[in-house]
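These notes concern the structure reproduced below.
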Amino acid sequence: MEEIPSSPLQAVRKSMSMIYNSEWKSLSQLKMDGGGVSKAVAVVACAAMALFYVAILYAPTLILRLPPPPSFKNFMIRRFICAAISSVVSVVVSALLLPMKSREASSLLGVYGIRMDHIWQAVIFPLTLTALMYGGSLVLKSLLLMSALREHMNFGGGLSFNNIKNLSEEIVACSRSIASDVLVWRTYVVAPLTEELVFRACMLPLLLCGGFQKSTVIFLCPIFFSLAHLNHLKDVYSKQNYNLTKAVLAIGLQLGYTVVFGSYASFLFIQTGHFLAPLVAHAFCNFMGLPVLVSRGKGIVSVASVAGIVGFLWLLFPMTHPELYNDRTDNCVCWQGYCSGN
């Protein structure tokens with residue numbers, strides 16, 4: 001007779017251990033003290049989080065009736081605060097819904113993948129894996145950078161001391177300008193951090209505990225992620241000279257890309273159990289944009305793209321294997337249970 005888990009945390013560990021062993025049984029079939037999360041509750045909660053993440057961005061002007069910010073920087077800072085509030089609310093809501101007996105900070109942080117162990121693995125491996133998908137883009141950027149450097153050296157008189165000094169000063173000045181750019185903070189810090197916290201760390205445990213299988217969750221969660229980007233339709237509409245057809249096509253491409261990336265980020269989080277894994281991948285993808293597959297007159301870019309895609313598919317599972325990111329110990333608080341020693 002199968003042993004019934006004595007606590008909700010043990011039930012989650014046992015269930016995710018079954019996933020690790022390819023026994024794709026539903027978490028809802030497990031017996032938990034105090035009951036689990038139903039599929040309906042999990043889906044409604046995730047939809048509410050996605051809606052709240054977008055709606056709160058417009059709350060200062062539409063609900064609180066605050067005056068418009070005096071500058072674009074202040075406008076973005078106001079949005080940063082709204083995104084932070086939304087993230088905190090999502091963390092609290094998911095913590096209340098998840099069937100966990102222990103509400104200690106260490107246990108909750110473990111559920112969200114916020115850990116201090118295996119940090120370099122959670123950064124280097126996912127970043128390397130993601131970079132393979134941008135093989136063509138990286139080669140193209142390298143070629144353009146080398147061309148720009150050659151032009152700069154030729155214009156400035158070659159590799160003289162003054163030329164190198166001036167180039168170094170320009171790099172420092174450019175770095176300072178980037179560091180103070182509010183759009184840089186939004187694109188590479190605030191957006192990846194808050195979106196991964198809400199759409200991966202908070203939603204994925206809920207959907208898994210709601211009884212959805214891993215493969216279903218990987219493709220279901222990105223739907224909420226993509227719908228949260230529909231608020232860009234107005235901006236895209238204005239950029240396309242108020243052409244609705246072009247705006248719909250542009251936003252459709254963006255939504256398709258977010259679904260693909262969202263599935264990949266969900267896969268990273270589930271496989272590694274580490275919040276940093278999808279976070280660094282998100283920031284890197286925001287920096288690179290859409291992958292470049294071909295470039296006119298540069299066949300090496302196409303070769304690099306194909307080689308990168310092949311390498312990505314070949315290393316996808318080996319570089320995201322749970323054992324690389326978790327120690328098999330009995331006192332692990334990781335929500336997957338990969339390290340429970342089962």
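Keep in mind that this is a model prediction, so the values were computed, not measured.
- Trp120 and Phe275 end up in the same hydrophobic cluster when Ile, Leu, Val, Met, Phe, Trp and Tyr side chains are linked at under 4.5 Å.
- Using modelled atom types and a 3.5 Å distance limit, the side chains of Tyr53 and Ser87 yield no donor-acceptor pair.
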I'd like to know whether Ser305 forms a side-chain contact (heavy atoms from CB on, under 4.5 Å) with Val294, so could you lay out the CA-CA distance, the side-chain angles of the two residues, the decisive distance to 0.1 Å, and finally the verdict.
CA-CA 8 Å; Ser305 298; Val294 294; over 6 Å; no
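- Under the side chain to side chain contact (heavy atoms under 4.5 Å, CB included) test applied with Leu315, the options Val310, Thr128, Leu132 reduce to a single match, Leu132.
- A side-chain donor-acceptor contact under 3.5 Å links Glu195 and His282.
- The OG1 atom of Thr272 sits 14.0 Å away from atom CD of Glu323, with the distance rounded to the nearest 0.5 Å.
- No side-chain donor-acceptor contact under 3.5 Å links Tyr325 and Thr320.
- When all heavy atoms of Leu290 and Tyr257 are compared, the pair lying nearest together is CD2-CD1, 3.3 Å.
- Of the listed residues (Tyr134, Tyr264, Phe317), just one forms a ring pair (Phe, Tyr, Trp, His ring centres under 6.0 Å) with Phe312, and that residue is Tyr264.
- Among all heavy-atom pairs drawn from Phe269 and His274, the shortest one is CD1-O, 3.9 Å.
- Of the listed residues (Ile223, Ile218, Leu220), just one forms a side chain to side chain contact (heavy atoms under 4.5 Å, CB included) with Ser263, and that residue is Ile218.
- Side chains of Asn326 and Arg115: a donor on one and an acceptor on the other come within 3.5 Å.
- Here the closest heavy-atom approach between residue Met203 and residue Ala50 is recorded as CE-N, 3.8 Å.
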Working note: Phe224 + Val43, criterion side-chain contact (heavy atoms from CB on, under 4.5 Å); need CA distance, chi angles, decisive distance, verdict.
CA-CA 9 Å; Phe224 300 112; Val43 171; 4.1 Å; yes
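- Classification of the Phe225-Phe261 ring pair by plane angle, with boundaries at 30° and 60°, yields tilted.
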